[in-house]
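Shown next, in structure tokens, is the structure this report addresses.
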Amino acid sequence: MGEFDLIEIIRARTAQGRDDVHLGIGDDAALLMPPAGHELAVCVDTLVEGVHFPVGTAPEDLGWKALAVNLSDLAAMGATPAWALLALTLPAADARYVERFADGFAQLARAHKLALVGGDTTQGPLGVSVTVLGFVPEGRALRRAGARPGDVVCVTGTLGDAAAGLRCLDRGDPQADRLLNAPPGTREYLLARLNRPTPRVAAGLALRGTASACIDVSDGLLADLGHLCAAGGVGAEIDAATLPMSSALLTLFDDAARLAFALAGGDDYELCFSVPPDRMAHATADLARLGCGVTRIGRIVEGDGVRVRDVRGQTLAPPRRGWEHFAA
Ligand code: ADP
Ligand code: MG
């Protein structure tokens with residue numbers, strides 16, 4: 001089993017016909033034909049074992065997630081995914097592992113008619129780097145910049161589930177006993193949110209022309225909304241009581257834990273966006289049509305930074321900021 005056998009496993013399992021792929025896996029570079037009148041949206045994200053995903057993560061889940069986190073970035077831009085590149089570093093040439101990884105990747109890729117057009121396969125500590133490319137009509141991409149004071153701040157889906165799922169894997173956790181006796185399905189739900197995030201691609205497309213700014217929540221709401229605010233030269237106020245939480249999160253964790261997960265947990269892959277109040281109903285209706293939940297969580301204000309208010313309107317001391325590499 002050598003490098004080229006592994007590449008063939010990946011190629012065969014991810015095959016997806018697209019007319020705009022003039023040359024895919026197998027040459028020195030892929031040849032791709034973007035549609036006229038569109039900009040290419042391109043991003044890359046790397047997942048390293050023990051840093052971005054726990055040791056022991058199932059290969060199917062890793063394949064899915066490595067693609068999902070990138071599709072989430074395209075979603076935040078309002079771009080339609082088309083192509084991907086996969087750089088895979090493996091400790092050993094394990095065919096079964098690569099088959100399972102490719103199956104997880106392909107499951108999500110197929111749902112978006114996304115073609116894997118190339119990559120790189122190397123030996124070393126387990127890590128995955130996926131590059132995705134998508135299209136957006138020229139000038140119509142969603143950006144982090146653009147929020148104005150008075151805009152409503154919204155988030156899709158629920159927050160904090162993935163961080164809670166990660167906590168469920170922590171055997172040393174003081175709440176571990178309670179987690180082991182969790183009602184059926186709750187722990188599984190949180191773990192699925194950690195391992196199989198659903199990128200909000202359709203929601204991102206629907207928000208084009210409606211949202212004034214958008215970002216995906218990958219490092220925690222506080223951190224990512226903070227980026228949106230910094231890009232727009234504005235601040236934001238969040239009402240803690242309005243943060244959307246799943247029933248699994250509400251069942252398994254106390255107030256303080258779930259607030260920390262929702263504000264700073266990371267790995268949510270929901271969209272956080274601002275929208276002028278007069279377009280709010282429009283945004284909500286469009287997302288509802290897609291079956292995508294959306295919650296109003298606060299407002300954009302003059303100034304800078306993100307403040308969180310409790311039910312009485314008091315400002316809460318922020319929990320640990322979102323995930324940041326190389327932070328002191
Ligand atoms: P080169 O040496 O010219 O860079 P490689 O031998 O690394 O090419 O790869 C051969 C072909 O297989 C290329 O088309 C490359 O894009 C593709 N490829 C390599 N690894 C992967 C992978 N993990 N996933 C998808 N395509 C891959
Ligand atoms: Mg070459």
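Order of listing sets the numbers, starting from 1, for every ligand and every atom in it.
- Heavy-atom contacts of G118 reach the following atoms of ligand 1: 16 (O), 24 (N), 25 (C), 26 (N), 27 (C) (cutoff under 4.0 Å).
- Residue contact check: D27 has heavy atoms under 4.0 Å from atoms 13 (C), 14 (O) of ligand 1.
- Which parts of ligand 1 touch F4 is read off a 4.0 Å heavy-atom cut-off, strictly below it: atoms 6 (O).
- Within a 6.0 Å sphere centred on CZ of R18, other residues, nucleotides and ligands contribute more than 12 heavy atoms.
- Each of the following atoms of ligand 1 lies closer than 4.0 Å to a heavy atom of I10: 23 (N), 24 (N).
- For the pair E99 (side chain) and R96 (backbone), a donor-acceptor distance under 3.5 Å is absent.
- Proximity of I7 to ligand 1, defined as any heavy-atom pair under 4.0 Å, is confined to the side chain (atoms from C-beta onward).
- Around the NE2 atom of H38, the shell of radius 6.0 Å holds more than 12 heavy atoms that belong to other residues, nucleotides or ligands.
- Among V155, L142, L207, the single residue meeting the side-chain contact (heavy atoms from CB on, under 4.5 Å) criterion with L271 is L207.
- By heavy-atom distance, the residue among I9, L23, L86 lying nearest atom 24 (N) of ligand 1 is L86.
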List the atom pairs, with distances to 0.1 Å, where a side-chain N or O of residues 107-119 and a protein N or O form a donor-acceptor pair under 3.5 Å, not counting sequence neighbours.
{"unit_1": "Q107", "atom_1": "OE1", "unit_2": "R196", "atom_2": "NH1", "d": "2.9"}
{"unit_1": "R110", "atom_1": "NH2", "unit_2": "R13", "atom_2": "O", "d": "3.0"}

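- Taking CG of L62 as the start and CG of L67 as the end, the distance is 11.5 Å to the nearest 0.5 Å.
- Heavy-atom proximity to atom 15 (C) of ligand 1, evaluated over G119, G26, A30, is greatest for G119.
- Checking only distances, I25 never comes within under 3.5 Å of ligand 1, N or O to N or O.
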